[in-house]
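First comes the structure, then the notes that go with it.
Values below: all heavy atoms of this structure, side chains included; hydrogens, waters and symmetry mates excluded.
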Amino acid sequence: MYTQKRYDVIVIGAGHAGCEAALASARMGCSTLMLTMNLDTIGQMSCNPAIGGLAKGHLVKEIDALGGEMAKITDRTGIQFRTLNKSKGPAVRGTRAQADKQRYRAAMKESLEKQTGLDVKQGMVEKLLVGGQRVSGVETNIGVQYLSSTVIITTGTFLKGLIHIGLSHYPSGRAGEFPSLGLSDSLRQLGFELGRLKTGTPARLNGRTIDFSRMKIQPGDDPAPFFSFSEKTHPLQQLPCYLTYTNPLTHEIIKNNLDKSPLYAGVIKGIGPRYCPSIEDKVMRFSERERHQVFLEPEGLDTEEYYANGVSTSLPVEVQTEMYRSITGLEEVEIMRPAYAIEYDYAPPMQIRHTLETKKIEGLFFAGQINGTSGYEEAAAQGLMAGINAALKVQQRQPLILARADAYIGVLIDDLVTRGTNEPYRMFTSRAEYRLILREDNADIRLRDRGREIGLVSEVDYQQFVEKRQSVERELKRIKKTWVKPSAEVNAVLEQRGSNALSSDAALEQLLKRPELSYGDISVISPTDHPLKDDAAEQVEIQIKYEGYIQRQMSQVERFASLEQKDLPEDMDYDSITGLGSEVKQKLKHVRPVSLGQASRISGVTPAAISLLLVALEKRKRGRS
């Protein structure tokens with residue numbers, strides 16, 4: 001056995017979770033090792049060539065605010081940027097980007113390789129080294145050991161991955177790569193419960209064989225939005241996407257070949273994503289619909305490959321070809337990479353704490369798809385938090401735990417830890433009860449200070465943020481105390497916007513609350529001596545227009561904070577609490593909630609049960625005083 005040097009943190013895997021975890025721990029001053037089976041696939045976008053979207057964009061902005069990397073790399077390698085739900089309220093808007101997949105991967109690899117304190121090595125981890133109930137390192141398939149007091153597992157779909165195309169299947173982590181076999185067995189031997197999930201991907205199509213003239217073009221926004229609060233330019237050429245639809249013939253082809261689908265033939269045992277189903281699922285579950293959307297997304301500037309978003313499938317290649325060619329604009333299309341489904345092992349996430357450290361083995365952290373999530377953004381958010389908390393553990397500092405009222409990242413982790421998941425978990429704005437205060441636009445205001453405190457936000461980025469925050473606060477004060485008199489100039493602006501003219505003095509604050517007026521109109525009516533940048537101006541407008549709603553939601557947060565602050569001891573004897581039903585006791589013992597607030601979010605734990613817990617908690621405190 002050959003033992004290499006000791007590290008503070010070891011990260012297994014180099015997908016989106018692994019990249020963020022490794023960068024975070026290294027930037028926080030911990031000696032870090034990233035182990036991956038293939039150095040050439042670091043930061044690989046295994047599925048669609050896109051980052052962000054509704055709720056997912058929130059996660060990316062929060063990652064950036066804390067000092068993570070995904071947003072910066074996306075802005076540098078993006079080839080289309082759009083704001084989704086632009087016509088709706090700011091709470092449900094989402095930034096989405098098409099990325100050049102090869103440039104994204106290369107840029108992330110470069111970022112990792114240049115990071116001080118981070119070693120990136122190729123190796124397949126087969127075994128965890130554990131002493132007592134504490135992790136002590138890892139061992140690869142060729143007998144090399146690396147020692148560490150903290151290990152983060154971010155294995156994506158590689159744990160006993162099995163690819164399905166038609167009724168054929170073969171072991172693989174993703175198309176063209178080996179699966180990780182031994183690590184699953186090592187986890188089971190340590191007592192972890194593992195389950196099986198399934199996801200899939202559509203075919204990659206040859207752009208030279210697509211008739212884009214028969215499709216609806218979808219250009220990006222101009223000007224293009226940014227993910228990162230630090231980046232100021234999009235250096236790459238911008239490309240459009242294209243929209244087409246399936247049709248009754250497409251659906252007939254699918255129905256006639258369901259016996260060749262591994263999903264419908266019972267070959268696939270893992271549970272698939274409810275919110276991103278295969279085209280087979282769509283056709284069968286929504287049989288009344290005559291068509292489904294198909295988005296053709298470019299995979300990069302230097303390739304002809306297009307990603308057929310909306311038609312994920314695991315049908316045989318010959319059926320895939322017939323199916324795609326039945327779609328308008330794809331009549332002559334050639335498949336460059338076939339679609340497939342993949343099954344893989346995951347660890348039901350009620351086995352981890354809010355820090356993402358496992359309850360069973362101290363120093364061992366899980367992040368990404370091993371926790372049952374689906375998506376690059378969910379993985380990256382977990383990777384960042386696991387890297388942060390592993391580093392804080394090494395440094396014997398308090399962990400960073402984001403509450404549901406702090407960030408979508410907090411919602412994501414609390415959902416996993418408290419409720420678990422038996423299907424691939426995907427983030428939605430509807431999952432966040434405080435979404436009006438958890439907007440994309442204020443992610444830096446919510447989280448930048450925390451990123452700076454733990455050492456992830458650079459001095460340059462932080463000072464840029466401080467200047468923005470000060471300019472927003474200064475302008476909010478000015479708007480709240482400034483009144484304007486009726487004048488021909490003021491009323492001309494108001495009438496041009498379809499707003500009632502002034503007949504008496506009016507506060508700027510009240511004018512900005514009018515739906516038809518923007519901050520730009522206010523700055524014309526009453527110019528400031530300190531002109532605001534666009535992002536600061538947006539912040540001022542939102543805070544004024546939605547002030548009443550925001551205050552109401554902040555009051556809700558304060559009301560529920562009392563429950564969050566009442567800690568539940570880890571050794572709480574739930575069996576001894578009279579009045580709790582057996583099912584409630586079982587769930588409480590399984591989750592081991594850290595607070596009454598978390599206990600209240602466990603499915604089946606009623607308000608009456610929370611009252612009984614509160615009484616038991618008070619009795620316990622009196623008994624120990």
Side-chain angles (χ1 to χ4, degrees), residues 48-65 69-101 103-104 107 216-243 295-298 300-301 377 439-445 448 460-461 464-465 467-469 471-472 475 493 496-497 512 515-524 527-528 530-546:
N48 62 316
I51 298 288
L54 301 180
K56 290 170 173 282
H58 289 71
L59 292 173
V60 181
K61 292 268 192 177
E62 291 174 355
I63 290 166
D64 186 70
E69 195 74 1
M70 176 175 267
K72 289 184 173 71
I73 299 295
T74 303
D75 282 341
R76 294 171 195 166
T77 62
I79 53 178
Q80 186 191 100
F81 295 84
R82 296 175 63 202
T83 300
L84 307 182
N85 277 353
K86 192 184 294 187
S87 62
K88 297 184 179 180
V92 294
R93 293 174 194 156
T95 307
R96 188 176 192 271
Q98 299 295 142
D100 184 305
K101 291 175 75 166
R103 284 180 170 83
Y104 184 99
K216 181 179 179 182
I217 190 169
Q218 289 203 313
D221 290 350
D222 186 15
F226 288 90
F227 268 118
S228 175
F229 294 99
S230 306
E231 294 293 316
K232 299 302 175 191
T233 60
H234 293 307
L236 297 185
Q237 175 190 350
Q238 302 294 287
L239 297 181
C241 296
Y242 297 88
L243 172 64
F295 292 97
L296 277 298
E297 302 173 349
L301 297 177
E377 305 82 3
R439 308 182 308 276
E440 271 197 1
D441 62 86
N442 71 352
D444 57 341
I445 291 173
R448 206 56 145 172
V460 172
D461 286 351
Q464 179 182 314
F465 160 69
E467 290 171 10
K468 171 187 172 181
R469 180 166 60 187
S471 69
V472 170
E475 185 65 354
V493 174
Q496 187 178 15
R497 294 289 180 265
L512 187 48
E516 64 275 10
L517 296 182
S518 68
Y519 174 77
D521 300 320
I522 299 303
S523 62
V524 171
T528 174
H530 306 280
L532 271 63
K533 294 180 180 178
D534 290 346
D535 57 347
E538 177 189 37
Q539 197 58 223
V540 169
E541 180 170 327
I542 290 171
Q543 289 196 34
I544 293 291
K545 282 188 178 293
Y546 294 89

Next on the checklist: Ignoring hydrogens, what is the shortest heavy-atom contact between Leu512 and Ser518? Give both atom names and the distance.
Outcome noted: CD1-C, 3.6 Å
Checklist entry - Please, which pairs that meet side chain to side chain donor-acceptor pair (under 3.5 Å) have at least one residue in residues 231-240, sequence neighbours excluded? => result Arg76-Glu231
Item to check | Backbone N/O of Thr83 and side chain of Asp221: donor-acceptor pair under 3.5 Å | outcome: yes
Item to check | Gln218 backbone acceptor or donor facing Gln80 side chain under 3.5 Å | outcome: yes
Item to check | Nearest heavy-atom neighbours spanning Pro225 and Thr95 | outcome: CG-CG2, 4.1 Å
Checklist entry - What is the minimum heavy-atom distance between Ile542 and Pro90, and which atoms define it? => result CD1-CB, 3.8 Å
Item to check | Passing candidate, side chain to side chain donor-acceptor pair (under 3.5 Å) with Asp441, options Gln543, Gln539, His58 | outcome: Gln539
Next on the checklist: If you define the side chain from C-beta out and look only at heavy atoms, does anything of Lys545 sit under 4.5 Å from Tyr519?
Outcome noted: no
Item to check | CD1 on Ile445 to CZ on Arg439, rounded to 0.5 Å | outcome: 7.5 Å
Checklist entry - Looking at Ile73, Asp75, Thr74, which one forms a side chain to side chain contact (heavy atoms under 4.5 Å, CB included) with Ile51? => result Thr74
Next on the checklist: Can you give me the closest heavy-atom contact between Phe227 and Ala97, atom names plus distance?
Outcome noted: CE1-CB, 3.7 Å
Checklist entry - Quick one: do Glu297 and Arg96 make a salt bridge, cutoff under 4.0 Å? => result yes
Next on the checklist: I need the Met70 CE to Tyr104 OH distance, nearest 0.5 Å.
Outcome noted: 4.0 Å
Checklist entry - Out of curiosity, Lys88 NZ to Arg93 CZ, how far, rounded to the nearest 0.5 Å? => result 11.5 Å
Item to check | Side-chain donor/acceptor of Asp64 to backbone N/O of Ala71, under 3.5 Å | outcome: no
Checklist outcome for this item: Rounded to the nearest 0.5 angstrom, the CG-OG distance for Asp444 and Ser230 is 9.0 Å
Checklist entry - Hey, what do you get for OH (Tyr546) to CD (Glu541), rounding to the nearest 0.5 Å? => result 8.5 Å
Next on the checklist: Donor-acceptor check, side chain of Arg448 to backbone of Ala65, threshold 3.5 angstrom: yes or no?
Outcome noted: yes
Item to check | Minimum-distance pair of heavy atoms, taken over all atoms of Asp521 and Glu516 | outcome: OD2-O, 4.1 Å
Next on the checklist: Looking at every non-hydrogen atom in both residues, tell me the closest pair between Lys72 and Ser228 and how far apart they are.
Outcome noted: CG-OG, 3.7 Å
Item to check | Nearest-0.5 Å distance, NZ of residue Lys101 to CG of residue Leu301 | outcome: 14.0 Å
